[in-house]
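Below is one structure, written out as C-alpha cells; comments come after it.
Predicted model, so just to flag it, every value in this text is computed and none were measured.
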Amino acid sequence: MGQELAVWFPRGRTERFRVLEESAGETRGLGGPNCLVFLTFVGLVVQAFFVWGYGVGLLGVGGLLGVFGVISPDIALARQRGALLADAVAVPGRVVSVTRDVYTDGEGGEVVNHAPVVQFDTLEGVTVTALCRDGIANPRSSLGRHLVVHYAPGDPAVFTPDLEHDRRERAAAVRFIHGVFCGGGLAVAVGVISLLYPGVWAFF
C-alpha cells in the first residue's frame, strides 16, 4: 500500500494502462535505442557472412551471444531471488481476486491472460496483497482458493506459492544464459578454425 510505480498507456487511451514491473530502462526511454543498436550489430554480422566469409561471421555471432549473456540480468536476478527465498517462511494465504488482461496478437486475435491476486499475513502481522503470475494452477478458476505462501523474511514482496516451481524457473533461466555462453563460445571456436583453415567448409 502506498508504493509508487510506473504505468504505461497509449496516448489518449488511459483505460489500456499497463503496470511496468521493471521500468528503469523504459522510463528512461532506452528501450528503443538499445533495440536499434542491437539490430544494427545483427545486420553487421549478417553482412560479415557475405563479405568476409563464414569465419568472421561466426566470430560476430559469438560476440553477439557473449554480449547478450553478459548484459542479461537473469542469472543475477535468479541468485538474488534464491538467496531471499533460502529462509522462506510459510504462512497460509488466499486468492482474493483474479485479474483479466486482454491483448490483441499480430493477427488480430484476442489473447486473454488471468493472474491471481494473493493475500497473506506475515508473522509480524503485515498484510500483503500482491499479484502472483506463477505457481498457481488453473489461475482462471482460482478465486477463493486457500494455499500456502512462502515469502522472504527480509522482503515479503518476494514470495511464491510453490517453492519447487520457483526453483525450476530460476534454474531454467540460469541454464538458458549458460547455453547462450556455450553457443557463443562454440561459434567463436568454429570461426577461428574457419579462419585458420579456410578449406574446412569444403568437407560439408
Side-chain angles (χ1 to χ4, degrees), residues 1-10 14-28 31 68-106 109-183:
M1 182 70 70
Q3 178 181 348
E4 293 186 358
L5 45 83
V7 176
W8 176 93
F9 58 88
T14 55
E15 74 279 3
R16 298 186 62 184
F17 73 92
R18 178 167 62 90
V19 176
L20 303 180
E21 295 185 354
E22 297 178 6
S23 59
E26 296 186 58
T27 54
R28 293 198 304 266
F68 176 81
V70 169
I71 66 176
S72 173
D74 289 357
I75 291 181
L77 291 176
R79 289 175 177 172
Q80 181 183 16
R81 184 175 176 84
L84 288 171
L85 290 174
D87 300 318
V89 178
V91 294
R94 187 169 66 92
V95 178
V96 296
S97 180
V98 177
T99 65
R100 180 176 182 269
D101 297 322
V102 181
Y103 304 91
T104 302
D105 60 21
E110 191 177 81
V111 180
V112 181
N113 290 331
H114 295 85
V117 177
V118 174
Q119 187 174 82
F120 62 92
D121 293 326
T122 67
L123 297 182
E124 292 75 24
V126 178
T127 300
V128 178
T129 306
L131 195 66
C132 183
R133 298 186 182 276
D134 299 303
I136 297 180
N138 301 319
R140 180 178 181 178
S141 58
S142 63
L143 182 62
R145 186 181 305 171
H146 292 269
L147 40 80
V148 176
V149 177
H150 307 266
Y151 72 90
D155 185 2
V158 179
F159 71 93
T160 177
D162 189 339
L163 274 177
E164 286 303 318
H165 174 80
D166 196 85
R167 290 192 186 101
R168 290 194 299 269
E169 290 293 309
R170 287 185 274 116
V174 173
R175 284 196 302 270
F176 174 75
I177 298 301
H178 286 168
V180 169
F181 279 122
C182 290

Legend entry - Minimum-distance pair of heavy atoms, taken over all atoms of His165 and Asp134: NE2-CB, 3.8 Å
Inset, instruction - Of all the heavy-atom pairs spanning Ala130 and Phe159, show the shortest one and how long it is. - result: CB-CE2, 3.5 Å
Legend entry - Any side-chain heavy-atom pair of Leu123 and Tyr151 under 4.5 Å: yes
Inset, instruction - Assess whether side-chain contact (heavy atoms from CB on, under 4.5 Å) is satisfied between Arg81 and Val158, documenting all intermediate values. - result: CA-CA 7 Å; Arg81 184 175 176 84; Val158 179; 3.5 Å; yes
Legend entry - Contact summary for Cys132 and Ile136, nearest pair of heavy atoms: SG-CD1, 4.0 Å
Legend entry - Side-chain heavy-atom pair Val149, Val128 within 4.5 angstrom cut-off: no
Inset, instruction - Mind listing the closest non-hydrogen atom pair of Gly69 and Ile177 along with its distance? - result: O-CG2, 4.0 Å
Inset, instruction - Check the surroundings of atom CG in Asp101: do more than 12 heavy atoms from other residues, nucleotides or ligands lie under 6.0 Å from it? - result: yes
Legend entry - Side chain to side chain, Thr160 and Leu163, heavy atoms closer than 4.5 Å: yes
Legend entry - CZ-CZ distance between Phe181 and Phe68, expressed to the nearest 0.5 angstrom: 9.5 Å
Inset, instruction - Determine, stepwise, if the pair Val89 / Thr122 fulfils side-chain contact (heavy atoms from CB on, under 4.5 Å). - result: CA-CA 8 Å; Val89 178; Thr122 67; over 6 Å; no
Inset, instruction - Search all heavy atoms of Val98 against all heavy atoms of His114 and return the closest pair with its distance. - result: CG1-CB, 3.9 Å
Legend entry - Residue pair Asp166, His150: steps toward the side-chain contact (heavy atoms from CB on, under 4.5 Å) verdict: CA-CA 10 Å; Asp166 196 85; His150 307 266; over 6 Å; no
Inset, instruction - For the pair Arg79 (side chain) and Val174 (backbone), establish whether a donor and an acceptor sit closer than 3.5 Å, ignoring hydrogens and angles. - result: no
Inset, instruction - Could you go through the side-chain contact (heavy atoms from CB on, under 4.5 Å) check for Val117 and Thr129 one step at a time? - result: CA-CA 7 Å; Val117 177; Thr129 306; 3.6 Å; yes
Inset, instruction - Measure across Val95 and Pro116 and return the closest heavy-atom pair with its distance rounded to 0.1 Å. - result: CG1-CB, 3.8 Å
